[in-house]
Amino acid sequence: MSSPALLTVPQAMTALQVSRWTLYQLIRSGELDSIMVGVRCRRIPESALNDYVNRLCGKAA
């Protein structure tokens, strides 16, 4: 069983080509799921990033 890919905040920022502020706004608003690993390590599952982009593409169509 392979574990899902988890992206760091900088990796997710790069993938979406957005600022740190924008990424955290997406997380706070619930538009982008994230998890906490330990006390201070936030990770974004790659599947959550794909879901977010797919939702955006669906709205644009």
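Quick caveat: nothing in here was measured; it's all calculated off a predicted structure.
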Give the minimum heavy-atom separation between [X] and [Y], together with the two atoms involved.
X: Leu49; Y: Ala15; answer: CD2-CB, 3.6 Å
X: Ser34; Y: Pro45; answer: CA-CD, 4.1 Å
X: Ala48; Y: Leu32; answer: O-CD1, 3.7 Å

Checklist entry - Do Met13 and Thr8 come within less than 4.5 Å of each other through their side chains, counting heavy atoms only? => result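 No, side chains not in contact.
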Checklist entry - Are side-chain heavy atoms of Leu16 and Leu26 found at a separation under 4.5 Å? => result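 In contact.
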Straight-line distance of [X] [atom1] to [Y] [atom2], nearest 0.5 Å:
X: Leu6; Y: Cys41; atom1: CG; atom2: SG; value: 11.0 Å
X: Asp51; Y: Asp33; atom1: CG; atom2: CG; value: 7.5 Å
X: Tyr52; Y: Ile27; atom1: OH; atom2: CD1; value: 11.0 Å
X: Leu23; Y: Glu31; atom1: CG; atom2: CD; value: 11.0 Å

Checklist entry - Does one side chain, of Thr14 or Gln11, offer a donor that lies under 3.5 Å from an acceptor on the other? => result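 There is no such pair between these side chains.
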Checklist entry - Could you go step by step and tell me if Ile35 and Arg42 meet the side chain to side chain contact (heavy atoms under 4.5 Å, CB included) rule? => result CA-CA 6 Å; Ile35 60 170; Arg42 183 170 300 277; over 6 Å; no
Checklist entry - Donor-acceptor pair, Ser29 side chain versus Gln25 backbone, under 3.5 Å? => result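 Yes.
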Item to check | Pairing residues for Val39 by the side-chain contact (heavy atoms from CB on, under 4.5 Å) criterion, not counting sequence neighbours | outcome: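 In terms of side-chain contact (heavy atoms from CB on, under 4.5 Å), with neighbours along the sequence ignored, Val39 is linked to no residue.
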